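Just so it is clear, the model here is predicted, and its values are computed rather than measured. Naming convention: chains lettered A, B, ... in sequence-line order (proteins, then strands); numbering from 1 in each chain.
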Amino acid sequence: MLGTADWQALGARARLVVSDGDLDAARAAAELVLAEVDRAYSRFRADSELVGLNSARGKQVRVSALLARALAGSLEAARATGGAVDPTIGRALRIAGYDDDFDRIAGTTRPLQLRLAPVPGWSVIHLDERTGTVRVPTDVELDLGATGKGLASDLCAVAALAAAGPGAGVLVSLGGDVAVLGRPPEGGWRILMAEDSRADPDGPGEVVAIERGGLATSSTTVRRWAADTGATAHHIVDPRTGLPAETPWRTATVVADTCEAANAASTACIVLGHAAVDWLASARLPARLVAQDGSVVRVGGWPEPAAAAAADTAGRA
Amino acid sequence: MNAIDKAREDRSRNLARLRRLTIGTAAIGVAATTGFTYLAAVTYAGTTTSAAAVSAAGATTASTSSAAAGLFSLAPSVGASTGFAHVSSGGS
């Protein structure tokens with residue numbers, strides 16, 4: 001039996017689906033995790049640990065286990081993507097106009113000033129995991145957008161599954177970054193590919209199923225705002241330029257062993273542009289890339305839509 | 001493979017995944033019985049990086065390409081499906 005709960009968290013729609021388990025207990029556990037994540041690495045609350053770290057002006061700071069884990073994940077993602085995702089883009093993001101919760105930016109009526117700020121590069125961050133301390137140079141601001149929501153989904157799934165009870169399975173989605181854990185329902189966890197993660201899951205479109213791991217989608221079409229240059233800016237900064245990435249992709253969806261990894265990979269695809277196809281193949285990651293003209297590129301074993309595959313088989317029979 | 005064997009395999013896979021997420025085998029039993037605060041508290045016993053945690057799953061960390069293989073290894077398969085979905089994934 002499936003139970004579903006929806007609520008708002010971390011500036012996104014949270015969805016929890018529990019199979020054969022205690023939904024209320026799972027949701028309570030997930031909400032605890034999300035509250036801790038928000039306190040640890042939200043860029044949009046003045047009292048978050050991350051904001052404090054960004055204001056530490058080069059001092060070595062002891063951080064919580066959660067923030068240390070999140071930072072380690074972001075640095076690992078930077079290494080693994082050759083810097084296509086980079087946690088030191090915080091200042092560039094803020095100067096580009098993404099300096100508040102996106103719901104408040106979207107409501108702005110006048111264009112925001114678009115400025116350029118260099119991205120220092122992830123190697124300037126010194127994380128000592130033995131002592132749980134971090135040093136962030138002065139004028140460097142961290143943003144964990146490329147990995148943080150995915151990690152939050154993974155950690156929520158762990159907590160939710162533990163609370164849901166033996167034999168259960170859980171799916172956690174934070175703004176379309178999906179982590180699944182435990183026993184999947186018959187046919188797997190089904191996910192609708194959409195332009196916007198707020199789309200009704202019962203709506204039309206391509207549906208895929210996974211039984212473990214994570215799936216994440218990055219997009220340049222949802223979080224956009226007007227810049228004073230007349231152009232529109234989006235929230236995925238290219239670390240090489242400090243500006244919103246110029247990309248051939250509207251959306252990039254990746255499946256990986258964890259949602260954190262999927263989150264990093266999908267963001268990297270937007271930044272890498274056409275080079276993402278070869279990069280995904282070398283990393284052996286299933287992915288679905290939608291180009292600006294709406295055409296779809298499937299990589300690493302991403303399946304054709306089920307109806308199309310069935311029609312093709314019937315035609316050949 | 002019978003149901004018991006599959007359950008064992010699923011449990012092993014989930015435990016391996018939990019190790020990669022929490023970077024500490026001690027966290028597994030703790031996470032099963034207590035809240036997230038304990039999970040976070042034991043993740044940094046100061047022993048391993050996330051890259052090293054992935055190496056526990058078989059990847060090396062000697063180079064960027066190996067680290068890439070580690071973070072992105074063990075990707076699950078994706079199947080085409082029809083009918084209702086449990087969730088949508090798109091931009092947010």
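For chain A, the option among G83(B), S77(B), G79(B) with the highest count of heavy-atom pairs below 4.5 Å is G79(B).
Heavy atoms closer than 4.5 Å to chain B are found in both the backbone and the side chain of I191(A). Interface remark: A77(A) contributes backbone and side-chain atoms alike to the contact with chain B (heavy atom separation under 4.5 Å). Of the two parts of L2(A), only the side chain, counted from C-beta on, holds a non-hydrogen atom closer than 4.5 Å to a non-hydrogen atom of chain B. Contact of V17(A) with chain B is made through the side chain alone, with heavy-atom distances under 4.5 Å. The contact between V208(A) and chain B is made by backbone and side chain atoms together, counting heavy-atom distances below 4.5 Å. At a 4.5 Å heavy-atom cutoff, the contact between D200(A) and chain B is made by backbone atoms alone.
The shortest non-hydrogen separation linking G83(A) to W122(A) is CA-NE1, 4.1 Å.
The pair E206(A)-R288(A) meets the salt-bridge criterion, with a side-chain N (NZ, NE, NH1 or NH2) lying under 4.0 Å from an Asp/Glu carboxylate O.
One side chain, E49(A) or S64(A), offers a donor N or O that lies under 3.5 Å from an acceptor on the other.
A donor-acceptor distance shorter than 3.5 angstrom exists from the side chain of N263(A) to the backbone of A146(A), with no hydrogens or angles considered. A side-chain donor-acceptor contact under 3.5 Å links S153(A) to the backbone of D177(A).
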